[in-house]
Structures are given as C-alpha cells and as structure tokens.
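Heads up: the structure comes next, in structure tokens.
A, B, ... follow the sequence lines: proteins, then strands. Residue 1 opens every chain.
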4 protein chains.
Amino acid sequence: MNFNDKQAIYLQIADYVCDKILTAEWRPEDKIPSVRDLAIELQVNPNTVMRAYEYLQQLEVIYNKRGIGHHVAPDAKGVISGFRKQLFFENELPQLFKNLELLNIGFGEIQIRFDNYLKSSEKQQNENKQ
Amino acid sequence: MNFNDKQAIYLQIADYVCDKILTAEWRPEDKIPSVRDLAIELQVNPNTVMRAYEYLQQLEVIYNKRGIGHHVAPDAKGVISGFRKQLFFENELPQLFKNLELLNIGFGEIQIRFDNYLKSSEKQQNENKQ
Amino acid sequence: MNFNDKQAIYLQIADYVCDKILTAEWRPEDKIPSVRDLAIELQVNPNTVMRAYEYLQQLEVIYNKRGIGHHVAPDAKGVISGFRKQLFFENELPQLFKNLELLNIGFGEIQIRFDNYLKSSEKQQNENKQ
Amino acid sequence: MNFNDKQAIYLQIADYVCDKILTAEWRPEDKIPSVRDLAIELQVNPNTVMRAYEYLQQLEVIYNKRGIGHHVAPDAKGVISGFRKQLFFENELPQLFKNLELLNIGFGEIQIRFDNYLKSSEKQQNENKQ
DNA sequence: GTGGTCTAGACCACC
DNA sequence: GTGGTCTAGACCACA
C-alpha cells in the first residue's frame, strides 16, 4: 500500500482484492483473508481493511457469513468487470485519446508497446507454471 | 471548472492553463491573465487561481515579473510534454494494458474507437474554422 | 513568530521546523506536531502552518502519511544542510566579503566577535543542561 | 536587475547606486544619471528609478537640484557606511555565526576563502588598471 | 494595476 | 483525530 498516493488506502485495498478475483486467484465462494490477517499482510490499520471490505460488500463483490468470514460473491467477476468497463470507456479511454493527440504520440507506438507487453506477460506466466 | 470532480479545482485550473499552452493559444513569453481576471472568468476564488499559478511556477511552466504579472516560460511546452509523457508511459499506459487483459477487451476495439475519435475531432476543428 | 518581520510567517515556521531537525530535537521518522497543534503553539492560523508543511514536503524535508500526520524524512538533515550550505557559500559569504571590503572592516574583528559568540553559546548550553 | 528576486527592484537600484558611491566611482557632488537614462540602462520602468532616488534622498545619500538633476551628497559615503554597518553587525553577522555552528563549518575555512577572495580581487584591480 | 500573505471559518475524506 | 481544499475578505508592498 502506498501511503503517499493520492488514492485512498481503502480503495487501494479494494483494488487489490478485485485484482485477485479477476485473475481467478480467489474464486467464487472462496473464503478471503480475515480483516486482521490482511491488515497484518498489508501493514495497515485493521479499520482500513474493514472499510474496504464494507465497500466491497456494498458493491456485492464479497459477502459476509457471521462468525465465519468474508467470501467471494458468486458473480463477483461480472460485477467488477462491469464497474471497471464503465470507468474504462467513459473516463480512461477519452483521456488516453486526448493525450495521444496533445502529446503527438502515434497510435502505432501504442500497438508496439502492447505487443511487447503481451510477450513479457506470456513469458512470465510460462515461468510461473514451471 | 467542475466543482464535483474529485480532482481539486486548482489542479483543474493548472490543467486548463497547460492545455492553452500546449495548443499554442498562449505562447512563450505571453502574459497570461491576472489572478483576479482568471478568477472572475472561471468563477472561482482568486486564492484558488493563485494556488494554481504557484504550482505552475514551481514546475517552471510560468514565471512571474514583479508587479507586472505571470508569463508563459520559454520552454513551457517542453516541460508540460515531459511531465505528461512520463505520466502517460509510466502510469496510464500500463493501466490500459492491464485493463485490456483483465477485462478481455481486444486491442482492435481500441483502434476502432480511436479512429472514430479522430474523425469527430477533425470534424469539430473544421466547424471551428468556418 | 515575528509578525513584523519582512520574512513571511510560513517561512519562519519552516525555518523553525528545520532548526528542530538540525539540532536533532526531532529525528528522522518522528511524527511532528499536527497542523492544528503547531498552529495553537505558535499562535497562528492553521492554514499558515499548513503552508509551511506543504513547502517542506516539496523540499522532501518532511513527508505525510494519510490520516496519520507529518513525519521527518529519512535524510531531512542532509537535505536541509544542502540547501543552507548552498545559500551560505553562494550568497551569504560573498555578501560578507563584499561588506568587509566596502565597509573597511578587518577580518580580525570578525574573528574576535566569533570567539565571543562561541563562548556565550557554550555558556548557554551549560546552563540548559543544569 | 532581477525581476524574480524577492528583493524589491527599487531597493536593488538603490543598492546599485550605493555601491557606485562606496567604490568612489561616483564621488560627492557628482551628477548621477538622470531617471530616464538609468531606467533605460537598467531596463526598468522610470517610475521605479524615481522611487529609488526618492528613497536615497530621504536617506540623505543624494540630493536634487531642480531642473539640473540628482547629485551625490557630501557625506554620502558616511551615511551609507553607517546603515550598512548597522545591518551587518546586528543581522548578517549573527546569522552567519548561527550558520557556521549549525552547518558545522569551521572558521578556518572562512579565513581561507577570504584570502582567496582578496587575491582574486587584487588581481582583477590590477588588470583593470592596465 | 499586479502578486503575496494572512485570517477565520467552513466542509470533506480519510485513518 | 489527521490533512486538504475552498471561500470571503482583508491588508500590504510593489510597478
């Protein structure tokens, strides 16, 4: 967690959890780490983890079984994808296009960098498998 | 100015000024509007404009002559481009790639949307010329 | 704080903080007083303290943890010394030499006054220890 | 003149005039440059030069003959020395000593640097004579 | 006219 | 509790 980032820590934690779910590291109905454990792992105040979990419950990404712990919601992946896609197409992409134009960056360069990204990404996955 | 945006107003003003410089509407050594004038134009408190100008001075995008006013720095365009490119390549682009991967969005779709963006952008410029 | 000094109050506060750090009264990673607390202690407006802290953050003398407070940066002492030495050798010392020459003041007199300064300084420290 | 310096321009001009007098480049009863001429030479607004001259008149460093111009006062050198010495001993020197102490700079180093300064100063004067 | 500083007081998000 | 932002209004020095 980055304590000096402009993004709130509880949102950083929520993103951390969402990434775990999107990459299927945590699957639907899986039990996710307890508030205390995650707080220790991420070196933050348990209240802050609690707030992130509450936020994710509200979004129906996770749910809580009293006395048992928090679990990944059945359609967590769909919900997260929905939110992120909206953010992506309505905010990030227009901003990207504006930058390409103002900074005189060609679309070709983006394509090349994306290809490189894919290659290094695949390579890393292969290494992890071995 | 967007008063409900999460981004601070003074940063929005700074971006507003940078855009004026990048599009060459304001050129190096030009005098830019006084704190009070811009405050009236943008309907904000003069202190808020002052804060934006202070921030831009620190970044060496503008400079101040005692009692005369603020002026566009000689290499303002280079400085702004530098900052924005760094932000673009180090944050926005990796974020884009990560999104494409996690959200299962094809690169082709981005390309189509960019072409559409360019068309509507050109169209608008032609309308402004007339 | 000296309200009639030509030097801005927020800069006086910044100097106050730097002196605390240089004398090791506040050490690296220590939490420094909150904006509101220092404002009460120094009898100034919290905004003024905030401005001093912003300035020091920009200089990387202190840093901020979200919701926790401001802390002395790891190399604060080095940073401050660097700035002050630069100011000293590039401005103050040439100014001193120019004065000695134009005002016909002998270097010996400076030496005598410095010895007296050291004596009174030591004396005061001894008194504080007791 | 430095338009971005914290010191007011009219004070910079006043210092400029005082230096000329202290170095005896301009002698008592000499006519000094007209407001217009000095304004052109220093690339500033004539009003600003006027303000500097008014300030120096008030200090009895220069005086004005109506329709003729400004002249160096008989005891200009004494007056200037007086002011500067006061500033020197009451402000600059204590500040210097405090810096030496906090920055751990030995007095010996100052002495060496002063000797070097004198040598280069003499050398330059010899060159100017030739 | 220009910027620069300061105050008082408010509201907000965050930990 | 912490900082961060904004407003309204004041005063000052400077060109």
Next on the checklist: Within the 4.0 Å heavy-atom criterion, would you say Asn64(C) contacts the bases, only the backbone, or no part of the nucleic acid?
Outcome noted: sugar-phosphate

Checklist entry - Roughly how many Å is it from CD1 in Ile9(D) to C1' in dA13(F), rounded to a whole number? => result 12 Å

Checklist entry - Does dC14(E) have a Watson-Crick or wobble mate here (both distances under 3.5 Å), and if so which one? => result dG1(F)

Next on the checklist: Can you measure Tyr63(B) atom OH to dT2(E) atom P for me and round it to whole angstrom units?
Outcome noted: 17 Å

Next on the checklist: Measuring only between side-chain heavy atoms, which start at C-beta, is Ile13(D) closer than 4.5 Å to Tyr55(D)?
Outcome noted: no

Item to check | Rounded distance in Å - CG (Leu38(B)) to P (dT2(E)) | outcome: 12 Å

Next on the checklist: Measure CG/Asn45(B) against C1'/dC6(E) and give the value in whole Å, please.
Outcome noted: 13 Å

Item to check | His70(C) vs dG3(F): side-chain N/O to OP1/OP2 distance below 4.0 Å | outcome: yes

Checklist entry - With a 4.0 Å cut-off on heavy atoms, is Phe3(B) in touch with a base, just the backbone sugar-phosphate, or nothing at all? => result sugar-phosphate

Checklist entry - Whole Å only: how far is the CD1 atom of Ile40(B) from the P atom of dT7(F)? => result 14 Å

Item to check | Contact nearer the 5' end of DNA chain F, comparing Ile32(C) with Asn47(D) | outcome: Ile32(C)

Next on the checklist: If I take atom CD in residue Gln43(C) and atom C1' in nucleotide dT7(E), what distance separates them, rounded to the nearest angstrom?
Outcome noted: 14 Å

Checklist entry - Would one find a side-chain N or O of Thr48(B) under 4.0 angstrom from OP1 or OP2 of dT7(F)? => result yes

Next on the checklist: Looking at dA13(F), I'd like to know if its phosphate oxygens (OP1 or OP2) sit under 4.0 Å from a side-chain N or O belonging to Arg66(B).
Outcome noted: no

Checklist entry - If you check the Met50(C) side chain, which of dC15(E), dG4(F), dC14(E) turns out closest? => result dG4(F)

Item to check | Nearest-nucleotide 5' precedence on DNA chain E, Ile68(B) against Gln7(C) | outcome: Ile68(B)

Checklist outcome for this item: Which of dT7(F), dC14(F), dT5(F) is nearest the side chain of Tyr10(D)? It is dC14(F)

Checklist entry - Under 4.0 Å between a Lys/Arg side-chain N and an Asp/Glu carboxylate O for Glu41(C) and Arg36(C)? => result no

Next on the checklist: Lys98(A) vs Asp19(B), test: salt bridge (Lys or Arg N to Asp or Glu O under 4.0 Å). Steps then yes/no.
Outcome noted: CA-CA 11 Å; Lys98(A) 187 186 153 202; Asp19(B) 285 351; 3.3 Å; yes

Checklist entry - Can you tell me if Glu92(A) uses its side chain to pair, donor with acceptor, with the backbone of Leu87(A) under 3.5 Å? => result no

Checklist entry - Rounded to the Å, how far apart are Lys31(B) NZ and dT2(E) C1'? => result 8 Å

Checklist entry - Expressed in angstrom and rounded to an integer, what is the separation of Asn4(C) atom CG from dA13(F) atom P? => result 11 Å

Item to check | Distance-only side-chain donor-acceptor flag, Tyr63(C) / Glu29(C), under 3.5 Å | outcome: yes

Checklist entry - Quick one: is Arg51(D) getting a side-chain N or O under 4.0 Å of the dC14(F) phosphate, OP1 or OP2? => result yes

Item to check | Main-chain N/O of Asp5(A) paired with Arg66(C) side-chain donor or acceptor, under 3.5 Å | outcome: yes

Checklist entry - So, is Ser34(B) close to the dT2(E) phosphate, meaning a side-chain N or O under 4.0 Å from OP1 or OP2? => result yes

Item to check | Side-chain donor/acceptor of Arg36(C) to base of dG3(F), under 3.5 Å | outcome: yes

